[in-house]
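Note that the coordinates shown come from a computational prediction; the quantities given were computed from them, not determined experimentally. First the proteins, then the strands, lettered A, B, ... as listed; each starts at 1.
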Amino acid sequence: MTQTIPMTSSAIGGMGHSMKRKEDPRFLQGKGNYVEDVTLPGMLWMDIVRSPYAHAKIVSIDASKALAIPGVLAVITGKDLEAYNLHWMPTLMSDTQMVLPVDKVMYQAQEVAAVIATDRYIAADGAAVVDVEYEELPVVVDPFKALLPDAPVLRTDKPGKTDNHIFHWEVGDAAVTDKAFADADVVVKQDIYIPRIHVASIETCGCVASFEKTEGKLTVWMTTQAPHAIRTVFALVAGHVGLSEEKIRIISPDIGGGFGGKVPVYPGYVIAVAASVLIGKPVKWIEDRMENLQADSFARDYHTTAELAATKDGKLTALRFKTLADHGYADAAANPSKFPAGLYHICTGSYDLQAAHVEVDGAYTNKPPGGVAYRCSFRVTEAVHAIERMVDIMAHQIGMDPAALRMKNFIEKDQFPYKSVLGWEYDSGDYHAALQKAMDIIGYDDLRREQLEKRARGEFMGIGISSFTEIVGAGPSKDFDILGIKMFDSAEIRVHPTGKAIARFGTKSQGQGHETTYAQIVAQELGIPMAHVQVEEGDTDTAPYGLGTYASRSTPTSGAAAALAARKIREKARKIAAYLMEVAEEDLEWEPGKFTVKGNPEAFKTIQEIAFAAYTNHPQGMEAGLEATHYYDPPNLTYPFGSYICVVDIDAGTGQVHVRRFVAVDDCGNIINPMIVDGQIHGGLSMGLAPSLYEEISYDEAGNCLGGSFIDYLVPTAVETPNWETDKTITPSPHHPFGAKGVGESATVGAPPAIVNAVVDALWHLGVRHIDIPMTPSKVWKVLRDHGVTG
Amino acid sequence: MSMRTVNFTINGEAKSVQAESRQLLVHCIRETLGLTGTHVGCETSHCGACTIDLDGEPVKSCTMFAVQAEGKSLTTVEGLAVGGTLNPVQEGFWEEHGLQCGFCTPGMMITATALLRTVNEPTETEIREAISGNLCRCTGYVNIVKAIQYAQRKMHPTPAPEAVLQGGD
Ligand code: FES
Ligand code: FES
């Protein structure tokens, strides 16, 4: 498959043009339509009573004071849902999770009861006076302690469960790896913790559930990245109470940022639906920021012991990772079902490693459930962090420049498609070129000289590299499913008689600009100006089935589907053009927008003329109309990559890390809209910076959440965020219909190790080997103090 | 709860609304007046999604009661475009890709518009400081800064260098 994309005119606005976004005029004028903007006649409000304890028995719930408030219509508890067998629900990982508890709570801020009232303030008044009597139970916060034999068993709901262990998963050849370690000249070993963090999209989660009794139809406007999957889950969970899939309509309107946090089904959604069904009126539930941070799915929480082996001249020979994953009280990760640790085994990264072994164990603790992504494809950030840290540690250990060590061990350009020792087939790459470009842009050699001078003066300056390989676009359906639903995705295109088109997709933009980029794909393939292509997503009654937008999968899957649906349309258009011009189909040549008779540039039919003919003058025996649907099942994942270089200066007095420069060279294959790709990388880098320096959700011994509001969960502002410098190389994916790879998450995955590597690089000569993120001033200051630098 | 009548001007229109004394201004704007362009991202003064212009100052409407708006002049995102024409800040956000999900955008643009009204040529540092009360999770701020610089150039174009008059002699 050739992957050179012809450039269309800017009037058509196909791939490669930085077209302004079609969705922007409504956002710029306050006319977006987010879930909280949906108001229905007679709509009620829901507020949730939450547990102050991390682990406690519920002795009693007394709702009488709440029910006495004028305007409070109902208080729903676990017992009410139990009557319909709706008090538990499955998670996306086929574990179970409470909708509302009947006998005990498992984490602080867990939903305990829901108050339904005529107004948001009255619902909150009601929630404040629901009396819940608790009896505290022993709390398990540390996943290592959770696995000790004497730890209290948390999931007493599971018959026969005698411990807090969720799963053991391993990949790679342990014996071969052990031997490679035994034979190695140099082995480095490091414990690395990647803490629990939260996506904190600026829009929180919520829904408006509206059950129409006469027709038995449920419509839910909902903050979801995967509306079709949600519809099916609702039908599976509530089929026994009469919710049938054809009567469920999920509408995901404008979404104020998702980043993975809007993939799961949260109890609040289910309670709002149950309330609407029970009461027969629409019910709105919008969580506040503290509920969002304290109860919604978290990301990361991986404790890894990483080892890397090499020859003394810096040839990497083997990798061994052992990881403990803290999943909270339920495994509610959003991984494809075969992969309990997601795609963590991409952890051999950009390097040609011949031996590797990876083990992951999951543990239950008294924390909210999760393990969903934070703008990354299924545990890829954890994998990249560990390998990129270890490569840097190895370089410093053997006294080799970290760039040189990487160059020496990269998979070579001509090794692609490359089969990794842990089983992936990397589609394409040119890792040397990306790193070299980043080094040239930032002036690597000069920076190293400057660093030496500064070090001689006692100043701390560091340079950190991260050369990551991403794995996105799930996925080939033979390996990838969520709850059994295969991870294909879809596009449906209809060309109207006047040559304009509507295109609908199974994905759902949350800011990525699909209304623009999908229109550009259709414009590229059909030559219809992108301005004339209307894109719709997010309404399950109209859009074709799809698995949604996360894991950077929209362009690799639905984008591909758009191209292939358009090509089906083009083939039909060719037949119509041949008929109209009375020539053989083979005599026609396509260029975006028209078929021309070979050798006669005057004889052509435009796509608009052909579209009109498809409805007014089509050949006898041919179906009328000009439309196509395609369900795309990718043959492989795509492997975007990049090299990032970060320069930091550390204030020895305060421990403050200042990111002076950050150069990101990304390769996401062919590009649909360069402006949007740049924007995605800027955003991704910022969400790489955030957990590196600021964000963490931690817990005290009693299970109290210590990062549960924007007062202590520090989302970076414009002041902390550096002026990102971006550039690119282009290595098309050989198997994607137009050579694209996906880009939304690369930067979040790639940035953190560059920042940590820079900080450790500044301090290595003091004896510092590693610092866990977030590298807050107090943490760095303590490291400096422990190494005799500051008082 | 006691209801009060509150009078204010919003986007140039005089309004008289009934508000519970505890009602937050943002809820009055969104729910009573149906102007849903102003958003809520935290209700604790941290995110800035609810920023509106109140008598020329950007304020967080989640941290004011509706009754405190008595007699004031308010501008929300719906009031930025004049006669259907985007103001320079809105135009800049579109041109420079200063928005992605659009959720922070109304508050961000209100803050930026107020900045450019008071400071003619803000430096990048001044721009970043001015918007530091408005969180954006999508854009990484780079293009928001560029959008504001675009608006600044549009509002205060550098005068073309005047032809130098030769003096006598
Ligand atoms: S909603 Fe007002 S500052 Fe966040
Ligand atoms: S554009 Fe999404 S929060 Fe700013």
Side-chain angles (χ1 to χ4, degrees), chain A residues 18 20-21 23-34 36-37 39 120-121 199-204 254-259 286 288-290 509-513 675-676 678-687 689-690 709-711 715-724 726 747, chain B residues 1 20 22-23 27 30-31 34-49 76-81 84 86 89-91 93-106 109 124-125 127-145:
Chain A
S18 284
K20 285 200 292 182
R21 298 201 323 167
E23 42 273 84
D24 285 356
R26 70 172 183 275
F27 294 139
L28 290 168
Q29 296 174 84
K31 300 292 181 212
N33 185 36
Y34 301 88
E36 191 170 356
D37 303 339
T39 298
R120 64 156 76 227
Y121 290 80
V199 296
S201 51
I202 304 301
E203 178 199 40
T204 60
D254 289 326
I255 298 295
F259 314 114
I286 305 290
D288 68 25
R289 177 56 59 189
M290 288 193 271
S509 184
Q510 313 119 39
Q512 295 90 335
M675 174 191 83
I676 288 180
D678 247 14
Q680 289 295 303
I681 293 167
H682 291 160
L685 290 168
S686 305
M687 289 184 79
L689 173 84
S709 79
F710 276 162
I711 296 169
V715 171
T717 73
V719 170
E720 294 84 40
T721 308
N723 204 344
W724 307 113
T726 57
Chain B
M1 284 291 155
E20 242 187 66
R22 65 174 174 173
Q23 187 186 38
H27 291 148
R30 289 180 47 83
E31 288 160 22
L35 296 171
T36 55
T38 303
H39 298 146
V40 178
C42 69
E43 292 180 10
T44 52
S45 274
H46 290 93
C47 77
T76 65
V77 63
E78 289 90 345
L80 289 181
L86 300 183
V89 171
Q90 290 170 301
E91 191 184 314
F93 272 70
W94 197 9
E95 290 290 336
E96 299 289 350
H97 190 29
L99 67 155
Q100 291 182 25
C101 78
F103 202 78
C104 71
T105 314
M109 294 192 306
E124 178 179 337
T125 307
I127 292 174
R128 285 179 178 272
E129 272 166 12
I131 59 169
S132 65
N134 294 74
L135 296 177
C136 175
R137 200 57 158 163
C138 300
T139 64
Y141 304 106
V142 175
N143 289 346
I144 292 180
V145 172

Q) Would you say the side chain of B:Thr44 lies within less than 4.5 Å of the side chain of A:Ile711, judging by non-hydrogen atoms? A) no
Q: Would you name the heavy atoms of B:Met109 and A:Leu28 that are closest together and state the gap between them?
A: CE-O, 3.2 Å
Q: Would you check if B:Leu99 and A:Arg21 make a side-chain contact, meaning some heavy-atom pair closer than 4.5 Å?
A: yes
Q) At a heavy-atom separation under 4.5 Å, does A:Tyr34 approach chain B through its side chain, its backbone, both, or neither? A) side chain
Q. Are A:Phe259 and B:Cys138 close enough that some pair of their side-chain heavy atoms sits under 4.5 Å apart?
A. yes
Q: Under 4.5 Å heavy-atom distance to chain B, tell me which part of A:Asp254 shows up: side chain, backbone, both or neither.
A: neither
Q) Under a 4.5 Å cut-off applied to non-hydrogen side-chain atoms, are A:Gln512 and B:Gln100 in contact? A) no
(Q) Under a 4.5 Å cutoff for heavy-atom pairs, which residue among B:Asn143, B:Thr105, B:Val40 has the most contacts with chain A? (A) B:Asn143
Q | chain B contacts, top residue of A:Asn33, A:Asp288, A:Thr717 (heavy-atom pairs, under 4.5 Å) | A | A:Thr717
Q. Does the distance from a Lys or Arg side-chain N to an Asp or Glu carboxylate O, for B:Glu95 and A:Lys20, drop under 4.0 Å?
A. yes
Q: Identify which part of A:Ala200 has an atom lying under 4.5 Å from any heavy atom of chain B, answering side chain, backbone, both or neither.
A: both
(Q) In the structure I gave you, are the side-chain heavy atoms of A:Lys31 and B:Glu78 within less than 4.5 Å of one another anywhere? (A) yes
Q: Over all heavy atoms of both residues, which pair between B:His97 and A:Met675 is shortest? Give the atoms and the distance, please.
A: CD2-O, 3.3 Å
Q | Under 4.5 Å from any heavy atom of chain A - which part of B:Thr139 | A | backbone
Q | Contact leader toward chain A among B:Cys42, B:Gly34, B:Cys101, B:Gly37, where contacts are heavy-atom pairs under 4.5 Å | A | B:Cys101
Q. Shortest non-hydrogen contact from B:Val77 to A:Gly30?
A. CG1-CA, 3.6 Å
Q.
Please classify the contact of A:Thr204 with chain B as side chain, backbone, both or neither, using a heavy-atom distance under 4.5 Å.
A. side chain
Q: Check whether A:Gln510 gets within reach of chain B through its side chain, its backbone, both or neither, counting any heavy atom under 4.5 Å.
A: backbone
Q: Would you give the length of the straight line joining atom CD1 of A:Ile202 to atom SG of B:Cys136, rounded to the nearest 0.5 angstrom?
A: 7.0 Å
Q. So which part of A:Leu689 gets closer than 4.5 Å to some heavy atom of chain B, the side chain, the backbone, both or neither?
A. neither
Q | Leading residue by heavy atom contact count with chain B [cutoff under 4.5 Å; candidates A:Gly513, A:Gly258, A:Gly256] | A | A:Gly256
Q) Checking heavy atoms, do the side chain of A:Arg120, its backbone, both or neither come under 4.5 Å from chain B? A) side chain
Q.
Under a 4.5 Å cutoff for heavy-atom pairs, which residue among A:Glu720, A:Arg289, A:Met290 has the most contacts with chain B?
A. A:Arg289
**Q.** Flag side-chain contact, heavy atom, 4.5 Å: A:Glu36 against B:Thr36
**A.** no
**Q.** Contacting moiety of B:Leu80, where chain A heavy atoms sit under 4.5 Å
**A.** neither
Q | Contacting region of B:Glu124 [heavy-atom separation from chain A under 4.5 Å] | A | side chain
Q. Counting N and O atoms only, with roles assigned by atom type, does the side chain of B:Tyr141 sit under 3.5 Å from a partner on the main chain of A:Val719, one being a donor and the other an acceptor?
A. no
Q: Count the heavy-atom pairs under 4.5 Å between each of A:Pro716, A:Ser709, A:Gly684 and chain B, then report the option with the highest count.
A: A:Pro716
Q: Considering non-hydrogen atoms only, spot the tightest contact between A:Tyr121 and B:Arg22 and give its length.
A: CB-NH2, 3.3 Å
Q | Any side-chain heavy-atom pair of A:Asn723 and B:Arg128 under 4.5 Å | A | yes
Q) Between A:Val715 and B:Leu135, which heavy-atom pair has the shortest distance, and what is it? A) O-CD2, 3.6 Å
**Q.** Spacing of A:Met687 atom CE and B:Arg137 atom CZ [to the nearest 0.5 Å]
**A.** 4.0 Å
Q: Below 4.5 Å from any heavy atom of chain B, which atoms of A:Ile681 appear? Answer side chain, backbone, both or neither.
A: neither
**Q.** chain B contact via A:Pro722 - side chain, backbone, both or neither, heavy atoms under 4.5 Å
**A.** backbone
Q) chain B heavy atoms under 4.5 Å from A:Glu23: which part of the residue, side chain, backbone, both or neither? A) neither
Q) Taking all non-hydrogen atoms of both residues, which atom of B:Cys47 and which atom of A:Phe710 are closest, and how far apart? A) CB-CE1, 4.1 Å
Q. Heavy-atom distance under 4.5 Å to chain B: side chain of A:Ser686, backbone, both or neither?
A. side chain
